[in-house]
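Note that this is a predicted model, so its numbers are computed, not measured. Atom set for the values below is all heavy atoms of this structure, side chains included, hydrogens, waters and symmetry mates excluded.
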Amino acid sequence: MTRLKSMPRAVRIPIAGIAVALLIAAVSPAPADAHAIRDETPRIAVVSAFAPEMAILQGELEGATAQSVNGVAFTTGTLEGRDVVLFLSGISVVNAAMTVQLALNHFDIERIVFSGIAGGVDPGLNIGDVVIADRWGQYLEMLFAREVEDGWMTMPFFEYPYANFGMMFPRSVTVLRTGAEAPETRFWFSVDESLLAVARHAANDVTLAHCTAEDRCLEEAPRIVVGGSGVSGGAFIDNAAFRTWAFETFGARVLDMESAAVAHVAYANDVPFLAVRSLADLAGGGEGANQMEVFMGLAAGNAAAVVKALLRAMPDEH
């Protein structure tokens, strides 16, 4: 997902019930030994964090066949004419990294596309807008610094590329990949340039929804924004001051709980990656209460519409 407080709260809304029913009815995963599956068909991995985000795409999958590895259901088939494997990453960074690596170990994945909702950070964006960032960073990789008389004391062995938020000092992460002589330290993980170019083209063929099934309509017509930064971390953000800091510090347009972790894994495995995130709330920047539960279905539908257009526009070979 993108920044969900808790599953029990989210599943109260109607789309969640529909989503779970669709997922159960569509396919029943066949249990398998954790190390037995090796699917040799080249596929695009289409990933979402939780069931309501995946249900729309799952419902349009042709020739669906599901298998389970370590309790994770992987459903293969065709979507918009492309061979795909659909699966849920689970919510937040550890689940996302674990399940995507599991998929890479058992399927021949040529590209990874993440579809889901997120919180808007850029004050120029609104609920319902779809953001396709060109890079992702893990903003909650941090030092919580010791307070001293004249401010904060940081540790000398970390790299601090960005300004702090009080005691919280963002730092870079390390990553290993084939051919590297030593771990590489970096903050940003870029998405695949060719997929980004396809996204720019595909964006012209999508009309985004602006009203929910309950006829709750957005004040502004949603739009697709390609480019800019996205950040991820294991926290649900609903705080105006923190939102402002994330925008001013990282130039972030969007904030979620999975995409940067998937970008990290994709980079380590040298697999092209792109995330399509639709804004379900404004991370504390909106007036009144958080509106994620009101617009989650609309945002998930908009993200899914863009993913389908992206699949249609992809070349046959990367």
Student: Determine, for D192 against R111, whether the closest basic-nitrogen to carboxylate-oxygen distance falls under 4.0 angstrom.
Tutor: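 Salt bridge: no.
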Student: Under a single-linkage definition using a 4.5 Å side-chain heavy-atom cutoff for Ile, Leu, Val, Met, Phe, Trp and Tyr, are V173 and L143 assigned to the same hydrophobic cluster?
Tutor: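 Not linked; separate clusters.
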Student: Under a 4.0 Å N-O cut-off, is there an ion pair linking D122 with R243?
Tutor: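 Here D122 does not pair with R243 in a salt bridge, since their nearest N and O are not under 4.0 Å apart.
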Student: Report yes or no: does D129 contribute a side-chain atom to a donor-acceptor pair with the main-chain N or O of R223 at less than 3.5 Å?
Tutor: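 Yes; judged by distance alone, with no hydrogens or angles, the pair exists.
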Student: Does a donor on one side chain and an acceptor on the other come within less than 3.5 Å for D39 and Q67?
Tutor: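 Short answer, no.
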Student: Is there a donor in the side chain of S232 and an acceptor in the side chain of Q138, or the other way round, less than 3.5 Å apart?
Tutor: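 The answer is no; no qualifying pair exists.
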Student: When rounded to the nearest 0.5 angstrom, what is the spacing between CZ in F157 and CZ in R171?
Tutor: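 Rounded to the nearest 0.5 Å, the CZ-CZ separation comes out at 8.5 Å.
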Student: Would a hydrophobic clustering, with Ile, Leu, Val, Met, Phe, Trp and Tyr connected at side-chain separations under 4.5 Å, put F189 with V121?
Tutor: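 In one cluster: no.
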Student: Would a line drawn from the ring center of F165 to the ring center of W245 be shorter than 6.0 Å?
Tutor: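 For F165 and W245, the ring centres are under 6.0 Å apart.
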Student: Under 4.0 Å between a side-chain nitrogen and a carboxylate oxygen: does that hold for E80 and R82?
Tutor: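 No, this pair does not count.
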Student: As a quick check of understanding, evaluate side-chain contact (heavy atoms from CB on, under 4.5 Å) for N302 and L298, giving each step before the final call.
Tutor: CA-CA 6 Å; N302 282 347; L298 181 149; 3.5 Å; yes
Student: Does one side chain, of R135 or S229, offer a donor that lies under 3.5 Å from an acceptor on the other?
Tutor: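 Looking only at side-chain atoms, S229 and R135 do form a donor-acceptor pair, the distance falling under 3.5 Å.
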Student: Do L104 and V47 land in one hydrophobic cluster if side-chain heavy atoms of ILVMFWY residues count as linked below 4.5 Å?
Tutor: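 Yes; tracing contacts between hydrophobic side chains, which count when under 4.5 Å, links both residues.
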Student: Rounded to the nearest 0.5 Å, what separation is found between the OG atom of S259 and the CH2 atom of W136?
Tutor: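 If we round to the nearest 0.5 Å, S259:OG and W136:CH2 are 4.0 Å apart.
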Student: Do you see a donor-acceptor pair shorter than 3.5 Å between the side chains of R186 and Y267?
Tutor: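 Indeed, the side chains of R186 and Y267 share at least one donor-acceptor pair under 3.5 Å.
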Student: Could you tell me whether E220 atom CD has more than 12 heavy atoms of other residues or ligands within 6.0 Å of it?
Tutor: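 Counting neighbours around CD of E220, 12 or fewer heavy atoms of other residues, nucleotides or ligands fall under 6.0 Å, so no.
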Student: Verify the distance criterion only: is there a donor paired with an acceptor across the side chains of N95 and S92 at less than 3.5 Å?
Tutor: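 No.
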Student: What's the spacing between R200 CZ and L310 CG if we round to 0.5 Å?
Tutor: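 So the CZ of R200 and the CG of L310 are separated by 12.5 Å.
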Student: Identify whether M167 and F158 are in the same connected component of the hydrophobic contact network (ILVMFWY, side-chain heavy atoms under 4.5 Å).
Tutor: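 Yes, it is one cluster - the side chains of M167 and F158 are joined through contacts under 4.5 Å.
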Student: Rounded to the nearest 0.5 Å, how far does CG of L282 lie from CE of M292?
Tutor: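 So the CE of M292 and the CG of L282 are separated by 13.0 Å.
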Student: So which heavy atom on F114 is nearest to which on S89, and how close?
Tutor: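 Scanning both residues completely, I find the closest heavy atoms to be CZ-OG, 3.5 Å.
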Student: Check whether NZ of the Lys or CZ of the Arg R43 lies under 6.0 Å from the centre of the six-membered ring of F107 and within 45 degrees of that ring's axis.
Tutor: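 Here R43 fails the 6.0 Å and 45° test against F107.
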Student: To the nearest 0.5 Å, tell me how far E159 CD sits from T154 OG1.
Tutor: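 Rounded to the nearest 0.5 Å, the CD-OG1 separation comes to 12.5 Å.
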Student: Report whether V100 and V175 are members of the same hydrophobic cluster (ILVMFWY, side-chain heavy atoms less than 4.5 Å apart, transitive linking).
Tutor: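 No, V100 does not connect to V175 through the hydrophobic network.
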Student: Counting only heavy atoms not in R177, do more than 12 sit closer than 6.0 Å to its CZ atom?
Tutor: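 Check passes, neighbour count above 12.
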Student: Just verifying a value: how many Å separate N126 CG and L218 CG, rounded to the nearest 0.5 Å?
Tutor: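 With rounding to 0.5 Å, CG (N126) is 8.0 Å from CG (L218).
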Student: Verify the ring-centre separation between F187 and F250: is it less than 6.0 angstrom?
Tutor: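 Distance test on ring centres: under 6.0 Å, yes.
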